[in-house]
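Side chains are part of it too, since the values below use all heavy atoms of this structure and drop only hydrogens, waters and symmetry mates. As the structure is a computational prediction, the values presented were derived from the model and not from experiment.
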Amino acid sequence: MFSSGNVTVYVANMDRAVRFYSETLGLKLAYRFGDHWASVEVGKGLTIGLHPASETAPAGRKGSMAIGLELSGSIHEAIKVLEAKGVRFSGAVNEGKGGSFAGFEDPDGNQLY
């Protein structure tokens, strides 16, 4: 029935958000329509849509969404690379039966892991 989709992230500053997702995280900026919309591709069918925040859809509302990014390499190496780019992680790596997870936020406070 469904073949694809996206996660929409409401952001306070489009330029800052595009830089974070494409340059800091190294994801592919597929296209951008000025300050109205940007699509960032993660691979395996995940697209992150960046959209300007509004009164009805504020940026960075804690707990309203989280984006999980799957790694192809070591989580510890990825953390080192991202920390060197200024990303701050919220605690130690959580290692369990479902895998290893490390939480961080984008510039608007949206949660990623």
Side-chain angles (χ1 to χ4, degrees):
M1 179 172 29
F2 301 106
S3 63
S4 185
N6 70 68
V7 174
T8 300
V9 177
Y10 296 96
V11 301
N13 181 297
M14 188 66 82
D15 290 330
R16 181 180 69 181
V18 167
R19 277 192 311 274
F20 178 79
Y21 284 92
S22 65
E23 295 174 18
T24 302
L25 297 184
L27 304 177
K28 179 185 175 196
L29 177 62
Y31 52 88
R32 180 176 177 176
F33 298 106
D35 285 338
H36 304 289
W37 179 266
S39 287
V40 181
E41 294 178 351
V42 181
K44 290 188 181 180
L46 175 59
T47 298
I48 300 171
L50 303 175
H51 190 281
S54 68
E55 213 173 282
T56 57
R61 184 175 287 175
K62 298 278 186 194
S64 62
M65 70 100 197
I67 298 173
L69 302 173
E70 189 176 320
L71 292 171
S72 58
S74 161
I75 190 169
H76 300 287
E77 188 59 36
I79 289 171
K80 286 179 192 175
V81 169
L82 292 174
E83 284 179 334
K85 293 181 176 185
V87 174
R88 285 190 250 161
F89 287 82
S90 55
V93 175
N94 181 352
E95 301 195 41
K97 289 182 180 180
S100 299
F101 303 89
F104 60 99
E105 297 177 349
D106 75 3
D108 287 306
N110 295 302
Q111 298 175 335
L112 293 93
Y113 63 93

- Note on the structure: Residues at least two apart in sequence or cross-chain that pass side chain to side chain donor-acceptor pair (under 3.5 Å) with Glu105, listed by chain then number, are Lys62
- Does anything in residues 40-74 pair up under ring-ring contact (aromatic ring centres under 6.0 Å, His included), and if so which pairs, sequence neighbours excluded? Tyr10-His51
- Message: Rounded at 0.5 Å granularity, tell me how far CZ in Arg61 sits from CG in Asp108.
- Response: 13.0 Å
- Message: If I take atom CG from residue Leu112 and atom CZ from residue Phe89, how far apart are they, to the nearest 0.5 angstrom?
- Response: 9.5 Å
- Query: When clusters are formed by joining ILVMFWY residues with side-chain heavy atoms under 4.5 Å apart, either directly or through shared neighbours, do Phe101 and Val87 land in the same one?
  - Reply: no
- Message: Going by side chain to side chain donor-acceptor pair (under 3.5 Å), name the residues that satisfy it together with Ser90, two or more places apart in sequence or in a different chain.
- Response: none
- Task: Name all residues meeting the side chain to side chain contact (heavy atoms under 4.5 Å, CB included) criterion together with Pro107; count only those two or more places apart in sequence or in a different chain, and write none if there are none.
- Result: Arg16, Phe20
- Query: Checking side-chain contact (heavy atoms from CB on, under 4.5 Å) against Asn110, which of Val7, Ile48, Val9 comes through?
  - Reply: Val9
- Applying the 4.5 Å side-chain criterion to the ILVMFWY set and letting contacts propagate, would Val81 and Val93 be lumped into a single cluster? no
Listed pairs under 3.5 Å, donor-acceptor, residues 66-75 side chains, sequence neighbours left out:
{"unit_1": "Glu70", "atom_1": "OE2", "unit_2": "Lys44", "atom_2": "NZ", "d": "3.2"}
{"unit_1": "Ser74", "atom_1": "OG", "unit_2": "His76", "atom_2": "N", "d": "3.2"}
{"unit_1": "Ser74", "atom_1": "OG", "unit_2": "Glu77", "atom_2": "N", "d": "3.2"}

- Item | Residues that Thr56 engages under side chain to side chain contact (heavy atoms under 4.5 Å, CB included), provided they are two or more places apart | Ser54
- Item | Considering all heavy atoms, the nearest Ala59-Ala53 contact | N-CB, 3.5 Å
- Message: Is there a path of hydrophobic side-chain contacts, each under 4.5 Å between heavy atoms, that joins Tyr113 and Val42?
- Response: no
- Query: Which atom pair, heavy atoms only, marks the closest approach of Pro52 to His36?
  - Reply: CD-O, 3.3 Å
- Item | salt bridge (Lys or Arg N to Asp or Glu O under 4.0 Å) against Arg32, all qualifying residues, sequence neighbours excluded | Asp15, Asp35
- Task: Kindly write out the residues that satisfy side chain to side chain donor-acceptor pair (under 3.5 Å) with Thr8, not counting sequence neighbours, or none if the list is empty.
- Result: Asn6
- Note on the structure: Applying side chain to side chain donor-acceptor pair (under 3.5 Å) to Glu55 and not counting sequence neighbours gives none
- Query: If you measure from CG on Leu82 to CG on Leu25, what distance do you get to the nearest 0.5 Å?
  - Reply: 6.0 Å
- Query: Which pairs pass salt bridge (charged side-chain N to carboxylate O under 4.0 Å, His left out) with one or both residues in residues 78-94, sequence neighbours excluded?
  - Reply: none
- Item | ILVMFWY clustering at 4.5 Å (side-chain atoms), partners of Tyr31 | Phe33, Trp37
